[in-house]
Each structure stands twice: as C-alpha cells, then as structure tokens.
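First comes the structure, then the notes that go with it.
So you know, we letter chains A, B, ... as the sequences are listed, proteins then strands, and number each from 1.
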Amino acid sequence: MSLDPSFVGRTYPPTAPYQVGREKIREFATAIGAAEPAHHDPAAARALGHPDVVAPPTFPVLVTMAASRQIIEDPDLGVDYSRVVHGDQRFAYTRPVVAGDELVCANTIEDVSTRGGHGFLTTRTEVTTPAGEPVVTVWSKIVVRGES
Amino acid sequence: MELPTKTFRVTRADLVRYAGASGDFNPIHWSDRIATTVGLPGVIAHGMFTMALVGRAVAEWAGAADAVVDYGVRFTRPVVVPDDDEGTEIEVTAAVREVTDIGLTRIDITATCRGEKVLSQARATIRTPG
C-alpha cells in the first residue's frame with residue numbers, strides 16, 4: 001500500500017506535555033554509554049549553567065517518536081510499522097533538553113513520496129515548552145519498505 | 001583537521017538496553033524472524049542507536065555534554081548485529097569543516113561498519129571548545 005501524497009502539509013494538534021525525568025535521562029545516557037557527568041549528576045549540570053541533568057543530543061527522539069504515533073498510526077495514511085526503517089534524522093537545538101522540562105510536540109508532514117516500491121515520509125516536529133518556548137526542531141524521514 | 005577515530009562495539013544486549021531506554025520496540029531490532037520476513041539480512045541496530053553513539057563521539061570531541069547545537073544524519077545502510085558475544089563494530093571518524101566567527105564548529109562525520117558506510121551526510125555543529 002503506497003502512502004497518500006495528499007498528507008503533505010498536514011499538521012497535527014500539539015501533543016500532551018512529556019515530562020522529562022532525571023532518571024530517564026540517566027537511563028538513556030547509560031544505554032548509549034554516555035558517561036559525561038552532566039548527563040548523570042545535577043551538580044555537574046548546574047556547573048554548566050543548567051537547572052538539572054542534560055539529555056544527550058538524540059534524547060528528544062523519545063518524545064518525538066511517541067508523538068509521531070499520531071501520524072504512524074493514522075489509519076488513513078497506512079504505515080506498516082514492522083516494515084519501517086529510518087531514513088534521515090536531524091535535531092536543531094535552541095537549547096539542550098534538561099530534566100524537569102515539559103515538552104510539547106507539534107507535527108507537520110513535510111513530504112510523502114513513493115519510489116521503487118518504497119514509501120518515504122518526512123516529518124518536522126517543533127518541540128517547545130507548554131508556554132511555547134522553542135527547545136528543538138526535529139526532522140525525521142522514515143522508509144516503509146515495499147513487499148518484494 | 002581530522003578528529004581522533006572512535007570505535008564502538010554493539011551487541012544484541014546493547015540493542016535490548018537501547019530499546020528499553022528509548023521505547024523503540026520495533027521487532028526488527030530484536031527478532032531475526034521478523035527482520036528477515038521484511039527483507040532485512042537479520043536483526044539491525046536502531047538507526048537512532050548508531051546516531052546516539054556518533055553523537056556521543058561528537059560531544060566527547062567537543063568536551064562538553066551540552067555542546068551540540070545541530071546534528072543530522074542519513075541512514076544509508078543497516079548495522080546488522082549478529083546474535084553472539086562479539087556483535088559488530090561501528091567506527092566513527094570526523095573532520096572539522098569550518099569554525100565560524102560566532103564560536104561554532106561544523107563537523108563532517110563518517111560512520112562505518114565492516115568497512116561500509118552506515119551514515120551519510122552526517123554533520124554536526126558544536127559550540128567551539130575552549
């Protein structure tokens with residue numbers, strides 16, 4: 001089933017706030033072997049000028065991937081998640097994510113295409129505080145592998 | 001300027017740990033049966049796990065956990081992780097492309113696995129160390 005190109009430009013309602021926990025940042029940093037004290041020790045993070053432990057650069061994908069379910073699971077778009085592989089990913093930071101942040105995601109579908117039997121879906125997610133302060137903009141392209 | 005090469009070993013245990021920490025439970029990252037059913041050569045690492053390891057290398061080169069201001073990659077080839085104790089290795093090299101007059105350093109990154117490039121157009125912008 002190919003992806004529907006009429007979805008390009010579609011925006012989705014902002015997601016409920018994601019509460020960034022200190023232990024989640026520590027768990028994520030440990031899983032990727034990031035030993036920098038600022039990921040684990042609030043005092044080390046404060047010494048860098050942050051209120052609490054700092055997330056590694058790819059941490060926001062936890063928040064944006066959960067938010068992207070509103071797209072992936074949109075029955076009209078027809079994405080088979082077991083056939084999904086990741087194409088591109090980019091993070092453009094206004095500031096790092098820190099423990100205690102509440103993050104809201106606003107998704108937009110930037111591009112939909114089909115080539116060689118595979119579907120390609122590019123999304124942009126504006127990640128902000130509930131008050132609208134920008135934190136990071138995240139672009140993601142997924143490939144839905146065709147049946148071969 | 002070339003930055004020192006970094007090598008990361010990746011095993012199935014690392015993928016399980018990353019799945020739990022990230023919440024990405026796509027079965028292509030833990031089930032050979034499902035991975036091969038959808039045409040992959042076997043269980044593959046989460047692209048985001050590879051990106052996270054490379055991000056770690058970038059932050060370590062920068063010398064600060066909060067140095068990365070922009071970071072993007074294209075996943076060109078899957079990192080196949082065999083179900084054994086050795087797993088596989090990802091090698092990361094990088095070169096400084098530009099140091100701007102507002103204190104930012106742009107880096108071009110290459111990540112390979114078994115001699116083949118697994119990321120392309122991998123670029124990061126960091127706050128210039130020091």
Side-chain angles (χ1 to χ4, degrees), chain A residues 24-41 44-45 48-50 53-66 69 80-98 136-148, chain B residues 8-10 13-29 31 34-35 37-40 44-60 62-78 119-127:
Chain A
K24 193 65 190 176
I25 287 180
R26 286 172 169 160
E27 178 193 12
F28 185 84
T30 300
I32 66 167
E36 284 275 334
H39 298 310
H40 300 274
D41 176 6
L48 293 176
H50 303 291
V53 296
V54 179
T58 61
F59 179 90
V61 77
L62 273 69
V63 188
T64 59
M65 199 178 62
R69 285 172 53 188
D80 176 353
Y81 186 60
S82 75
R83 309 192 74 84
V84 164
V85 293
H86 209 151
D88 292 51
Q89 184 73 29
R90 181 182 163 208
F91 303 88
Y93 279 94
T94 305
R95 66 160 174 83
V97 169
V98 296
V136 56
T137 304
V138 180
W139 288 267
S140 184
K141 179 192 273 186
I142 61 166
V143 183
V144 186
R145 296 163 58 88
E147 318 258 351
S148 55
Chain B
F8 300 99
R9 179 161 294 282
V10 177
D14 295 314
L15 302 190
V16 171
R17 197 173 294 114
Y18 183 79
S22 70
D24 183 346
F25 298 105
N26 189 330
I28 63 175
H29 305 305
S31 167
I34 290 171
T37 298
V38 297
L40 295 167
I44 63 171
H46 307 70
M48 285 310 304
F49 183 50
T50 301
M51 187 178 185
L53 293 176
V54 173
R56 221 184 100 189
V58 171
E60 286 167 11
D66 61 351
V68 177
V69 298
D70 198 306
Y71 176 32
V73 305
R74 168 162 296 173
F75 304 104
T76 45
R77 234 185 228 96
L119 301 180
S120 69
Q121 298 179 30
R123 298 188 184 112
T125 302
I126 58 173
R127 288 188 287 100

Can you list everything that forms a salt bridge (Lys or Arg N to Asp or Glu O under 4.0 Å) with K24(A)? Sequence neighbours excluded, please.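 For K24(A) the salt bridge (Lys or Arg N to Asp or Glu O under 4.0 Å) partners, ignoring immediate neighbours, are E27(A).
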With R127(B) via salt bridge (Lys or Arg N to Asp or Glu O under 4.0 Å) - residues at least two apart: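 For R127(B), the residues satisfying salt bridge (Lys or Arg N to Asp or Glu O under 4.0 Å) (neighbours in sequence not counted) are D66(B).
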Of the listed residues (P56(A), P96(A), A34(A), A38(A)), which shares the most heavy-atom pairs with chain B below a 4.5 Å separation? A34(A)
Are any of the side-chain heavy atoms of Y71(B) and T58(A) separated by less than 4.5 Å? yes
Just wondering, do F75(B) and Q89(A) contact through their side chains at under 4.5 Å, heavy atoms? yes
Option that, when pairs with chain A are counted at under 4.5 Å, heavy atom only, ranks first among [options]:
{"options": "S120(B), G47(B), A52(B), G55(B)", "answer": "A52(B)"}
{"options": "I28(B), L53(B), D24(B)", "answer": "D24(B)"}
{"options": "L40(B), V10(B), V73(B)", "answer": "V73(B)"}
{"options": "A65(B), A67(B), P78(B), G72(B)", "answer": "A65(B)"}

Spatial distance of atom [atom1] ([X]) from atom [atom2] ([Y]) [nearest 0.5 Å]:
{"X": "R56(B)", "Y": "H39(A)", "atom1": "CZ", "atom2": "NE2", "answer": "9.5 Å"}
{"X": "I32(A)", "Y": "T50(B)", "atom1": "CD1", "atom2": "OG1", "answer": "11.5 Å"}
{"X": "R83(A)", "Y": "I34(B)", "atom1": "CZ", "atom2": "CD1", "answer": "11.5 Å"}
{"X": "H86(A)", "Y": "M51(B)", "atom1": "NE2", "atom2": "CE", "answer": "7.5 Å"}

Examine whether an atom of P57(A) lies under 4.5 Å from a heavy atom of chain B, and if so say whether it belongs to the side chain, the backbone or both; otherwise answer neither. side chain
Decide if atom CZ of R69(A) counts as having more than 12 heavy atoms of other residues, nucleotides or ligands within a radius under 6.0 Å.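 No.
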Taking side chain as everything from C-beta outward and backbone as N, CA, C, O, which of these in L119(B) sits under 4.5 Å from a heavy atom of chain A? Side chain, backbone, both or neither.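 For L119(B), no heavy atom lies under 4.5 Å from chain A.
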Testing the basics here: between F28(A) and A21(B), what is the closest heavy-atom pair and its distance to 0.1 Å? CA-CB, 3.9 Å
